[in-house]
Amino acid sequence: MDVGTRSVQLPKTAAGLGMTLRNNPHRVGAVVWTVEAGKAADVAGLRVGDVVLSVEDHLLESIERLVEFVAEAREHVHMEVAGVGPSKQI
């Protein structure tokens with residue numbers, strides 16, 4: 001199992017990002033609670049249990065802040081995510 005961080009880019013569409021989140025009670029970030037099949041989050045490889053650490057280079061302290069950062073993003077939403085998805089070797 002590969003546990004690490006990775007960058008993802010989700011397109012902003014009228015259909016939303018295709019996921020629900022919960023505040024992470026133990027540390028910074030928000031936990032991916034659900035991912036809708038075929039939507040932006042699914043296509044980008046987000047999985048239930050991943051933790052969104054930052055959005056648009058802003059450290060994520062709560063879901064409310066995530067909503068603000070997503071609203072400010074233009075065509076795409078850039079996120080740094082921790083979880084078991086593929087990570088990049090640098």
Side-chain angles (χ1 to χ4, degrees):
M1 180 181 334
D2 183 16
V3 177
T5 62
R6 65 194 186 280
S7 294
V8 296
Q9 178 174 291
L10 305 175
K12 283 183 70 171
T13 67
L17 300 178
M19 64 180 169
T20 58
L21 301 159
R22 296 284 189 259
N23 282 319
N24 187 353
H26 302 292
R27 59 191 145 227
V28 174
V31 178
V32 177
W33 198 254
T34 65
V35 177
E36 296 178 51
K39 300 266 179 119
D42 180 41
V43 172
L46 289 171
R47 298 179 181 165
V48 170
D50 283 347
V51 178
V52 179
L53 300 171
S54 67
V55 177
E56 299 300 323
D57 294 324
H58 298 283
L59 193 59
L60 192 59
E61 298 168 357
S62 68
I63 292 172
E64 293 77 21
R65 295 293 289 160
L66 178 136
V67 171
E68 292 173 19
F69 299 144
V70 168
E72 293 171 3
R74 299 205 181 228
E75 295 177 18
H76 292 88
V77 178
H78 301 88
M79 298 179 173
E80 188 71 19
V81 178
V84 294
S87 59
K88 297 178 188 174
Q89 254 187 343
I90 298 177

- Message: Grouping I, L, V, M, F, W and Y whenever their side-chain heavy atoms are under 4.5 Å apart, do Val51 and Met19 come out in a common cluster?
- Response: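 In one cluster: no.
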
- Message: Does Asp50 form a side-chain contact (heavy atoms from CB on, under 4.5 Å) with Arg6? I'd like the steps, not just the answer.
- Response: CA-CA 10 Å; Asp50 283 347; Arg6 65 194 186 280; 2.6 Å; yes

Over all atoms of both residues, closest heavy-atom pair of [X] and [Y]:
X: Val28; Y: Asn24; result: O-ND2, 3.8 Å
X: Ser7; Y: Glu80; result: OG-OE1, 2.8 Å
X: Phe69; Y: Glu56; result: O-CG, 4.1 Å
X: Asn23; Y: Ile63; result: OD1-N, 2.8 Å
X: His76; Y: Pro11; result: CD2-CA, 3.6 Å

Could you give the side-chain donor-acceptor pairs of residues 30-38 under 3.5 Å, partners two or more places apart or in another chain?
unit_1	atom_1	unit_2	atom_2	d
Thr34	OG1	Thr20	N	3.4
Thr34	OG1	Thr20	OG1	2.5
Glu36	OE1	Lys39	NZ	3.3

- Message: So, using salt bridge (Lys or Arg N to Asp or Glu O under 4.0 Å) as the criterion, who are the partners of Glu68 when residues are at least two apart?
- Response: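 With neighbours one apart ignored, the set is Arg65.
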
- Message: I'd like to check the side chain to side chain contact (heavy atoms under 4.5 Å, CB included) partners of Glu75; sequence neighbours left out, ordered by chain and number.
- Response: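 Result, side chain to side chain contact (heavy atoms under 4.5 Å, CB included) vs Glu75: none returned.
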
- Interatomic distance, Gln9 atom CD to Met79 atom CE [nearest 0.5 angstrom]: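 CE of Met79 is found 11.0 Å from CD of Gln9.
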
- Distance (rounded to the nearest 0.5 Å) between Leu46 CG and Leu17 CG: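 Reported value, rounded in 0.5 Å steps: 9.0 Å.
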
